[in-house]
Amino acid sequence: QVQLVESGGGLVQPGGSLRLSCAASGSVASINAMGWYRQAPGNQRDLVATITRSGWTNYADSVKGRFTISRDNAKNTIYLQMSSLKPEDTAVYYCNANLRIGTTFPFEDAWGQGTQVTVSS
């Protein structure tokens, strides 16, 4: 069984910073891309940023220049450094990983339980 555990969410004032972490644990054989998505109340879940195993990154236009995704392959962990936060960044942030539990198994998407980020004064 595989678990993605997020941490680092919370309440921050506009202009502030937060760092999210997501660690994959359990029967993980290998991981392709990992990423962060977010969902505000009443909205669909949207991509925030993704990173491949080799370090290629992709960002939503709304967070470019403010958020930075990084990855530690040895720890099966990704991070999201969020700066210059805005009220519209308020959402539940979900970690995603495309992984497999064995070399004979297909790659599948796994999701974390989500962590709340609230940007408010």
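Atoms considered below: every heavy atom in the structure, side chains included; atoms not considered: hydrogens, waters and symmetry mates. Residue numbers run from 1 in the order of the sequence given.
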Can you give me the closest heavy-atom contact between [X] and [Y], atom names plus distance?
{"X": "Arg100", "Y": "Pro106", "value": "CB-O, 3.4 Å"}
{"X": "Ala33", "Y": "Ile31", "value": "O-CG2, 4.1 Å"}
{"X": "Ala24", "Y": "Val28", "value": "CB-CG2, 4.4 Å"}
{"X": "Asp61", "Y": "Lys64", "value": "OD1-NZ, 3.1 Å"}

Cluster check [X], [Y]: I/L/V/M/F/W/Y, side chain < 4.5 angstrom:
{"X": "Ile51", "Y": "Leu20", "result": "yes"}
{"X": "Val2", "Y": "Trp36", "result": "yes"}
{"X": "Leu4", "Y": "Tyr93", "result": "no"}
{"X": "Met34", "Y": "Ile101", "result": "yes"}
{"X": "Phe107", "Y": "Trp111", "result": "no"}

Using atom types as modelled and distance alone, determine if a side-chain donor or acceptor of [X] lies under 3.5 Å from a backbone N or O of [Y].
{"X": "Gln116", "Y": "Gly9", "answer": "no"}
{"X": "Tyr59", "Y": "Arg66", "answer": "no"}
{"X": "Glu6", "Y": "Cys22", "answer": "no"}

If you round to the nearest 0.5 Å, how far is [atom2] of [Y] from [atom1] of [X]?
{"X": "Gln81", "Y": "Leu18", "atom1": "CD", "atom2": "CG", "value": "8.5 Å"}
{"X": "Leu80", "Y": "Arg71", "atom1": "CG", "atom2": "CZ", "value": "14.0 Å"}
{"X": "Asp109", "Y": "Asn98", "atom1": "CG", "atom2": "CG", "value": "5.0 Å"}
{"X": "Met82", "Y": "Arg19", "atom1": "CE", "atom2": "CZ", "value": "11.5 Å"}

Test item: [X] and [Y] side chains (from C-beta on) under 4.5 Å apart, heavy atoms:
{"X": "Asn58", "Y": "Trp56", "result": "no"}
{"X": "Arg38", "Y": "Ser62", "result": "yes"}
{"X": "Leu11", "Y": "Ser120", "result": "yes"}
{"X": "Ile78", "Y": "Cys95", "result": "yes"}
{"X": "Arg45", "Y": "Tyr94", "result": "yes"}

Step by step, work out the side-chain contact (heavy atoms from CB on, under 4.5 Å) result for Tyr37 and Thr50.
CA-CA 9 Å; Tyr37 293 73; Thr50 60; 4.2 Å; yes
Under the side chain to side chain contact (heavy atoms under 4.5 Å, CB included) test against Pro14, which residue among Val119, Leu85, Asp89 passes?
Val119
Just wondering, more than 12 heavy atoms not from Gln3 lying within 6.0 Å of its CD?
no
Residues two or more places apart in sequence or in another chain: which of them pass salt bridge (Lys or Arg N to Asp or Glu O under 4.0 Å) with Arg53?
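For Arg53 there are no salt bridge (Lys or Arg N to Asp or Glu O under 4.0 Å) partners, ignoring immediate neighbours.
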